[in-house]
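Accompanying notes for the structure given below.
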Amino acid sequence: MSLRPLPYSRQDISEADIEAVTAVLRSDFLTQGQELPAFEAEFAALHQVPHAIAVSNATAALHIACLALGVGPGSRVWTSPNSFLASANCALYCGATVDFVDIDAATRQLSMDALATKLAQARAEGRLPQVVIPVDFAGLPCDWPGLRALADRYGFKLLQDASHATGATLDGRPMGSAWADISVFSFHAVKVVTTAEGGLLTTRDAALATTLQRLRSHGMVREPDQMQNPPDGPWSYEQQLLGFNYRMTELQAALGRSQLRRLPEMQARREALAARYDHLLAGLPLRLAPRREGARSAWHLYAIALDDAALAVTDRRAVFEGLRARGIGVQVHYIPIHTQPYYRALGFAPGDFPAAEDYYARCISLPLFPAMSDADQDRVVDALRELLPRQD
Ligand SMILES: *Cc1c(COP(=O)(O)O)cnc(C)c1O
């Protein structure tokens with residue numbers, strides 16, 4: 001096949017992005033300069049939230065978010081099995097116990113019904129979670145007002161894994177601004193805004209923001225008025241917490257600032273491609289990417305699921321391999337976390353979360369990235385038409 005391979009995702013780096021990074025390389029500060037606070041301020045303004053704390057990656061962000069919310073040995077943390085490993089591992093880093101809430105087949109996100117049922121049961125057994133980590137899978141906002149109502153009713157904290165959802169809104173409110181106690185964003189190279197590797201936390205709570213800033217950098221305090229003991233001199237710093245080096249560099253922050261300026265245009269292109277997939281794939285034996293009333297998705301992923309008519313004659317692996325053989329870069333999101341060997345050793349087993357497992361058996365994430373052309377997309381659709389049974 002002479003056609004160039006089409007990736008499932010690809011970063012969109014402009015000349016302005018490159019200039020922003022090279023300007024940092026020529027400057028005095030490669031780390032701990034002015035790009036980082038500027039990136040945080042611009043992200044916070046765009047997401048309508050008072051505090052933004054940038055870190056080395058979203059996995060680090062989830063780790064310190066759990067710590068700041070008081071997760072430790074004996075804590076219980078719940079998340080969605082249809083997510084990347086980091087959504088659950090963050091609680092294990094803190095010595096907590098992880099459990100999962102099965103997904104809703106329609107939204108592919110943590111099911112609100114399953115959550116409500118599990119919470120009522122946990123209350124009766126005295127085993128309520130301290131923290132629940134909903135994931136805005138594919139960039140589509142979860143039912144955040146509903147989640148907030150359950151959090152208030154049952155007294156748990158909401159840690160939003162918005163790794164897919166930079167730029168997404170619900171009822172006109174950006175992710176990270178209104179409902180969760182802490183929200184986490186990822187700027188890994190495949191995500192909708194990239195700093196190569198990078199992550200960021202938002203919160204409305206000033207005390208949480210201060211704790212997160214300290215956890216990011218060794219638990220250190222440099223401001224004399226924040227110290228527990230009188231400073232020895234202008235060089236003084238105090239360690240008050242056990243923190244980490246989870247800092248983001250100036251190069252990453254500069255790239256992030258430049259990417260954020262381009263987010264509206266990149267998001268508009270993702271939206272146009274998603275609408276075009278909806279239109280072109282209609283009539284094939286597929287469940288298309290879900291939408292939610294009042295929500296604007298970030299469209300990190302456009303994931304299809306083979307429907308029962310397709311599964312009667314083929315399977316996900318055959319379609320996946322057929323697409324790859326045609327040079328079309330597809331992916332699967334996600335292998336349910338609880339089926340991983342590490343989680344099986346903790347006591348989970350296949351069958352525990354059947355909706356997540358059923359979705360996994362059907363799903364394929366199609367190529368979607370801002371520089372993708374309509375012709376690229378037509379290739380994907382033509383290949384699917386070849387590989388799927390006709391609907392007559
Ligand atoms: C990408 C991703 C992460 C981890 O992000 P990194 O920045 O790569 O550490 C966490 N959760 C979800 C849902 C992700 O997609």
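Both backbone and side-chain heavy atoms feed into the values below; hydrogens, waters and symmetry mates do not. Both ligands and their constituent atoms are indexed starting at 1 by order of listing.
- Ion pairing between R344 and D352 fails under the 4.0 Å rule for side-chain N and carboxylate O.
- Of the residues V71, L62, T59, the one that meets the side-chain contact (heavy atoms from CB on, under 4.5 Å) test with Y93 is T59.
- Within 4.0 Å of ligand 1, contacts by protein heavy atoms are made from N57, A58, T59, S83, F84, A86, S87, V135, D161, S163, H164, S186, H188, K191, G198, Y334.
- Each salt bridge (Lys or Arg N to Asp or Glu O under 4.0 Å) pair with one or both residues in residues 73-101, not counting sequence neighbours, appears once here: D99-K118.
- Residue pairs that meet the salt bridge (Lys or Arg N to Asp or Glu O under 4.0 Å) test with at least one member in residues 310-323, sequence neighbours left out, are R317-E321.
- Applying the salt bridge (Lys or Arg N to Asp or Glu O under 4.0 Å) rule to D152 yields the partners R148; only residues at least two apart in sequence or on another chain are considered.
- A tilted orientation is assigned to the rings of F348 and F353, their planes being inclined by 30° to 60°.
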